Amino acid sequence: MTDEEIERLEAPSWSRTEAAGRVSRTQTPLAYRKNPSFCAVGQSVGLHHQTVQRCVERALGYGPLAAIEDRPRPGKEPVITPEAEAWLVSLACDKAKEHGYPHELWTTRLLARHVREHGPTAGHECLAQLVQGTVYKILSQEDIKPHKVRYYLERRDAGFEQKMAEVLCVYRQVHVLKKAAAKSRKAVKRVAIVSYDEKPGIQAIATTAPDLPPKPGVHAKRHGTLSLLAGIDLLTGKAHAMVKDGHRSREFIEFLKHLEAAYPAGKAITLILDNNSAHISSETRAWLDARPPGRFQLTFTPRHGSWLNLIEGFFSKFAPLGLAPHPDHLKTRAQRAHYGRHRRRQSPSRHPHLVI
C-alpha cells in the first residue's frame, strides 16, 4: 500500500462517528500489513478469521480503498413498473374534478384510492395494493405536489410590447422636455403629461367609541366606499385629485373637465392610463371628440401592465399616509382633498419619485 492509501485508511479507523462495519474494514488491512495472519488479525480486530480473509482478498482484488465500501447488491425487484409510475404521475397532473370527484385538488389519500380502483382496469395490476406512502414517494421523485397549485399570469394582450413601447416613449418625452425646460420654459408650456388612475373601494369606517381603534368587525361601523381619481403631472409634479362615489364614465369625464380647466386652452394634455371600460366608453369618446383636435391624447398601458403607470407609486405612498378612518363621507372627502393639496405643494425636485 502507498503512503496515501495508508493515511486515508487510518483516518476513519479511529473515528467515533463512522459505521462499525466501515471501521473494521479499514482496521483489517492495516493490521494485516503489520502481521500477515488471519487468526492474529481477527483476534486484534474482533472479527472471525474467515471475515478477515474475505476482507484481505477484496483489498487485493479491488484495492484497499475500494474494499472498505459495500459492494452493490441486486436488491428486490421493483413491484411497480415504470409504466405504472408514469401513469400515476400523469394522473396526478390532472384535476380531481376531471375524474368525477368534487375535490378541487388531489390529496395523496384520494389519489391512492383512485389508483387502487382504476389502476388494474388501466392495465397496471401492480397498483392494486398501492398505499398512500408509496404515492408520496413516487410523486416526490418527480417533484410533483398535486395538493399545491402555482399560478402564473399569462400575457393575453397581443400588442403588449407595442403598447409598452408607446408608454416608454412618453416617459422618454418627459425626460427630453425636462432637459429643455432647464434652458427655456416655452418647451414645457406647450404640453402636459399626466399619469392617471383610480383607486376604488376606499372604505369609510367609523369608530363606535373615541378611545377604541377601528377594526373590521370589531368596534367599527361601515359607511360605504369612495373612489379616488388622481393624476400627476410628470413635468411639474402637480397632483390632481378628485373623490367621487364611483369611477364610471361620468366621473372620468368630470376629471377630464378638471384637467381642461387646469391647463391653458393651447396646451396639449397627454394621459397615461389603463384600458378601463370608463376610459374607452362611447360616452367618453363622444366627449373627447367634441374637444379641439390635439387637446387630449390618451396612451393606454397594456393589459396586465399597470406597473408601467407611475401613478401606482403615488397610490402606494398614499394608502398608509392619507387613509385614516372617518365616520362619514364628508370627512373622508376632506382628508383626501387635504392630502392632495399637500402633495401639490411639494417641490418636484424634493420628491423625485413623482417625476422622471
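Since we're looking at a predicted model, the values are computed, not measured. Along the sequence shown, the residues carry numbers beginning at 1.
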Heavy-atom side-chain contact between F300 and V167 under 4.5 Å: no

Pick from M164, E166, R172: which one makes a side chain to side chain contact (heavy atoms under 4.5 Å, CB included) with L168? M164

For residues Y171 and L310, report the shortest heavy-atom separation together with the two atoms involved. OH-N, 3.3 Å

Quick one, H114 and W106 - any side-chain contact, counting heavy atoms below 4.5 Å? yes

Could you check whether any side-chain heavy atom of L256 comes within less than 4.5 Å of a side-chain heavy atom of L271, counting everything from C-beta outward? yes

Under the side chain to side chain donor-acceptor pair (under 3.5 Å) test, which residues partner H99, sequence neighbours left out? D94

I'd like to check N276 versus D197 (side-chain heavy atoms, cut-off strictly below 4.5 Å). Are they in contact? no

Geometric cation-pi criterion R291 and W287, 6.0 Å radius, 45° cone: yes

Any residue meeting ring-ring contact (aromatic ring centres under 6.0 Å, His included) with Y196, in chain and number order, not counting sequence neighbours: F252, F255, H279

Quick one: do the E198 and S227 side chains pair a donor with an acceptor below 3.5 Å? no

Taking the side chain as C-beta and beyond, is there a heavy-atom pair between I272 and V194 under 4.5 Å? no

Would you say the side chain of D274 lies within less than 4.5 Å of the side chain of S306, judging by non-hydrogen atoms? no

Could you tell me whether Y263 and H258 have their ring centroids closer than 6.0 angstrom? no

